[in-house]
Amino acid sequence: MTNQDQPAGRRPSKLAAALQNAVTRVHSVIYRSSNGVIGGRIANSPVLLLTTTGRRSGKQRTVPLLYLMDGRNVVLVASNGGAVTHPTWWLNLQTTSEAWIQIKGIRRRVKAEQASAAEKQRLWPRLTAMYAGYKRYQEITDRDIPVVILRSIEEDKSRSND
């Protein structure tokens, strides 16, 4: 396979991936212990902690991510920095859609779903206004970067009783 046959996108080295994992672990510990006072914003955007269930290991995996509020829903971008592959957290959510988020000191259970094309079209300008890097990430990868909507499970339950 030639380079022209390979999909476009960032390809982090093993060292870069290991460093990113270490930074993620430290960020998560500091965020959790300070209830988001430290680590609650990056690039002037709000940060939450997302805890998913590993699709292979079954272990709980936590990552800090930028997020956007859309009414009561929380919106994430599975950009992986414009990498060729989806981020692990999104692959985990595709296997087990229920997860936990922590925003500052508040934890809640959520269910994830990929935004429809119409939802993505509506949300993308707000997401790129919040963090311009998303636009660049989409430009450097062949992957259609998923927009992920997290809905509170409690709200889902109350809606089903109406």
Side-chain angles (χ1 to χ4, degrees), residues 1-21 23-25 27-28 31 39 41-103 108-153 155-156 159:
M1 179 181 266
T2 67
N3 282 344
Q4 292 176 343
D5 296 332
Q6 293 180 350
R10 191 177 56 81
R11 289 179 172 75
S13 68
K14 287 184 181 184
L15 176 60
L19 288 172
Q20 180 64 42
N21 288 340
V23 168
T24 294
R25 282 191 296 278
H27 187 159
S28 297
Y31 185 110
R41 291 192 82 73
I42 295 177
N44 205 30
S45 299
V47 174
L48 59 69
L49 295 182
L50 172 70
T51 302
T52 61
T53 302
R55 69 193 183 287
R56 294 184 188 140
S57 69
K59 294 180 181 177
Q60 297 298 289
R61 306 287 185 196
T62 301
V63 293
L65 297 169
L66 302 183
Y67 72 93
L68 175 76
M69 292 303 301
D70 183 48
R72 292 183 170 174
N73 298 328
V74 176
V75 181
L76 307 175
V77 177
S79 67
N80 204 13
V84 173
T85 58
H86 290 307
T88 303
W89 63 263
W90 174 233
L91 298 174
N92 290 344
L93 285 173
Q94 289 177 304
T95 300
T96 304
S97 63
E98 291 186 10
W100 284 94
I101 57 170
Q102 179 176 339
I103 297 176
R108 66 178 174 154
R109 195 128 175 90
V110 294
K111 185 167 184 150
E113 65 182 48
Q114 185 167 349
S116 68
E119 288 171 316
K120 181 176 179 178
Q121 185 176 16
R122 177 180 65 81
L123 292 166
W124 192 252
R126 291 179 56 204
L127 290 161
T128 57
M130 177 188 79
Y131 180 66
Y134 291 142
K135 185 176 180 184
R136 175 74 181 128
Y137 298 158
Q138 185 59 80
E139 290 170 354
I140 65 173
T141 185
D142 291 339
R143 202 169 47 85
D144 181 35
I145 293 178
V147 170
V148 181
I149 299 174
L150 304 177
R151 302 181 198 281
S152 172
I153 289 177
E155 291 170 10
D156 286 348
R159 266 193 263 132

Rounded distance (nearest 0.5 Å) linking atom [atom1] of [X] with atom [atom2] of [Y]:
{"X": "Ser79", "Y": "Ile140", "atom1": "OG", "atom2": "CD1", "result": "9.0 Å"}
{"X": "Ile103", "Y": "Met69", "atom1": "CD1", "atom2": "CE", "result": "5.5 Å"}
{"X": "Leu65", "Y": "Ile101", "atom1": "CG", "atom2": "CD1", "result": "10.5 Å"}
{"X": "Gln94", "Y": "Glu113", "atom1": "CD", "atom2": "CD", "result": "13.0 Å"}
{"X": "Leu150", "Y": "Trp100", "atom1": "CG", "atom2": "CH2", "result": "13.5 Å"}
{"X": "Ser28", "Y": "Leu50", "atom1": "OG", "atom2": "CG", "result": "10.0 Å"}

Within-4.5 Å side-chain heavy-atom neighbours: [X] and [Y]:
{"X": "His27", "Y": "Ile42", "answer": "yes"}
{"X": "Leu48", "Y": "Leu76", "answer": "yes"}
{"X": "Arg108", "Y": "Val110", "answer": "yes"}

Which residues satisfy the side chain to side chain contact (heavy atoms under 4.5 Å, CB included) test with Gln114, sequence neighbours excluded? Trp90, Pro146
Can you name the residues that form a side chain to side chain contact (heavy atoms under 4.5 Å, CB included) with Gln60, not counting sequence neighbours? Thr51, Thr53
Can you list the residues that meet the side-chain hydrogen bond (donor to acceptor under 3.5 Å, both in side chains) rule with [X], with sequence neighbours excluded?
{"X": "Asn44", "value": "none"}
{"X": "Thr96", "value": "none"}
{"X": "Tyr131", "value": "Tyr137"}
{"X": "His86", "value": "Arg143"}

Distance-minimising heavy-atom pair for [X] and [Y]:
{"X": "Ile149", "Y": "Ala115", "result": "CD1-CB, 3.9 Å"}
{"X": "Leu127", "Y": "Tyr134", "result": "O-CD1, 3.6 Å"}
{"X": "Trp89", "Y": "Ala78", "result": "CZ2-CA, 3.5 Å"}
{"X": "Arg122", "Y": "Pro125", "result": "O-CD, 3.6 Å"}
{"X": "Thr24", "Y": "Thr62", "result": "CG2-O, 3.8 Å"}
{"X": "Ile145", "Y": "Gln138", "result": "N-OE1, 2.9 Å"}

Pairs satisfying salt bridge (Lys or Arg N to Asp or Glu O under 4.0 Å), at least one member in [range], at least two apart:
{"range": "residues 123-133", "answer": "Asp70-Arg126"}
{"range": "residues 73-83", "answer": "none"}
{"range": "residues 42-60", "answer": "none"}

Residues forming a salt bridge (Lys or Arg N to Asp or Glu O under 4.0 Å) with Arg109, sequence neighbours excluded: Glu98
Let me see the working for Met130 and Leu66 under side chain to side chain contact (heavy atoms under 4.5 Å, CB included), right down to the final yes or no. CA-CA 9 Å; Met130 177 188 79; Leu66 302 183; 4.1 Å; yes
